[in-house]
Each structure stands twice: as structure tokens, then as C-alpha cells.
Amino acid sequence: MGIYDYTVKDAKGNDVSLKDYEGKVLLIVNTATGCGFTPQYTGLQELYKKYQAEGLEILDFPCNQFGNQAPGTEEEIVTFCTGRFGVTFKQFAKIEVNGANEAPLYAYLKSQKKGMVGSNIKWNFTKFLVDRKGNVVSRFSPTTTPEQIDEKIKELL
């Protein structure tokens, strides 16, 4: 299976095939609204504004697995992100990224790029960069800011 074989739920509960993103550069991020890294939404939105017309899509997957830092409903999370950070990129339903209930997409992403301490996601705002052919080319830790990924995105566009 490849990345385009997965279907995920958007923030309204609708199925979204990742095949819809074929030919795009994807930045896939597990996020939380109450995390110390939450201000990274600003940088993510800046990247999106800067590169969307060239083919960048940011896929935001809220995750409440780390310190209960995304406790709201999908609607509350979207309202927070659009109101506080002006987010216009696609937001999806809350998921789990580790363990028995991890989303199949994240099992795939982790199988393609291991982290510093194995495959498990360490915390919110772990980022995966996918090229236009669907290859997972990079994995970035939560401490890597969106601004630090800019050049890598530009190379893929």
C-alpha cells in the first residue's frame, strides 16, 4: 500500500481519499490546541500561504494522546485554529498516532520514516513530508519549526 491508498475522516466526519492529493507535496502533522508547540500553527499557515499555489497541502490531524492537549471536539478545534491562527489548510478528525488504536495512515507513515527513538510518535507536532509521487521523504520532530522545513518544501515543489 502507498499513501494514496488511505482514506481518512475530515473534521466534519466525511471520508477523504488521500488520492485526492496525488501530485501534491504534503506536510502531515499531528497537532494539539493546548500544547507548548501550538504556536507552530502560525508557521504552518505561513508555509501554506507561501506554497499552496505551487502544490503544497498541509494535512492537520489533531491528537489527544499526549498530555490530553487536544480535548475539544473537532468543531471546537477548527474554531480555535481558524480564529486564533487563521488556519486555512485542511483539518481532519482527531486520531491516535501510537498504540492499538493508531490510525492506519500513521502506521504507514511511521513504517516509512522512523524517528530518533524508533517508530513511535514522540509528541504533538511531529511532521511528515511527502513528495509529489507519494514518497515519505522526511520526518521532523516536534521541536523542528515550520520555518526550518521551508527549504526542504521548496526543493520538492
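Residue numbers run from 1 in the order of the sequence given.
When all heavy atoms are compared, the tightest approach of P62 to D60 is CD-O, 3.4 Å. Across all their heavy atoms, Y106 and V97 have their closest contact at CD2-CG1, 3.6 Å. Of all heavy-atom pairs between V87 and Q45, the closest is CA-OE1, 3.2 Å. Taking every heavy atom of both residues into account, T126 and R139 meet most closely at CG2-NE, 4.0 Å. Residues F37 and N124 come closest through the heavy atom pair CD1-O, 3.9 Å. The two residues G43 and P146 come nearest to each other via the heavy atoms C-CB, 3.5 Å.
Linking Ile, Leu, Val, Met, Phe, Trp and Tyr whenever their side-chain heavy atoms come within less than 4.5 Å leaves I77 and L27 in two separate clusters. One hydrophobic cluster, built from ILVMFWY side chains closer than 4.5 Å, holds both L109 and L26. Residue F80 is not grouped with residue V78 when hydrophobic side chains (ILVMFWY) are merged at heavy-atom distances under 4.5 angstrom, including chains of intermediate members.
For the 3.5 Å distance criterion, the side chains of D150 and Y51 qualify, holding a donor opposite an acceptor.
Panel note: side chain E74, backbone K94; a donor-acceptor pair is recorded below 3.5 Å. Of the possible polar contacts, one joining the T38 side chain to the A32 backbone as a donor-acceptor pair under 3.5 Å is found. Panel note: side chain E57, backbone Y21; no donor-acceptor pair is recorded below 3.5 Å. Put simply, the side chain of D131 never gets that close to the backbone of L156: no donor and acceptor are under 3.5 Å apart.
Around CZ of R84, the count of heavy atoms belonging to other residues, nucleotides or ligands within 6.0 Å does not exceed 12.
Residues passing the ring pair (Phe, Tyr, Trp, His ring centres under 6.0 Å) test with Y41 are F85, F125, sequence neighbours excluded. Residues satisfying the side chain to side chain donor-acceptor pair (under 3.5 Å) test with Q52, not counting sequence neighbours, are Y48. Here Y6 pairs with Y108 under the ring pair (Phe, Tyr, Trp, His ring centres under 6.0 Å) rule; sequence neighbours left out.
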Requested in this report: Please assess D15 against T7 for the test side-chain hydrogen bond (donor to acceptor under 3.5 Å, both in side chains), listing each intermediate value before the final yes or no.
Outcome: CA-CA 6 Å; D15 284 340; T7 297; over 6 Å; no
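Rounding to the nearest 0.5 Å places CD of E96 at 4.5 Å from CG of N101. Distance check, rounded to the nearest 0.5 Å: CD1 of I149 to CG of L47 gives 7.0 Å. Between L105 atom CG and L59 atom CG the span is 8.0 Å, to the nearest 0.5 Å.
Contact check for L56 versus V25: side-chain heavy atoms found under the 4.5 Å cut-off. Within the 4.5 Å cutoff, the side chain of V8 has heavy atoms near those of the F61 side chain. Side chains of N30 and I95 form no contact here, defined as non-hydrogen atoms less than 4.5 Å apart. Counting only heavy atoms from C-beta outward, the side chains of F140 and Q148 never approach each other to under 4.5 Å. Looking only at side-chain heavy atoms (C-beta outward), T42 and P39 stay at 4.5 Å or farther from each other. By the 4.5 Å heavy-atom criterion applied to side chains, I121 and F128 are counted as neighbours.
Salt-bridge formation is detected for the pair K110/E102: a Lys NZ or Arg NE/NH1/NH2 atom is positioned less than 4.0 Å from an Asp or Glu carboxylate oxygen.
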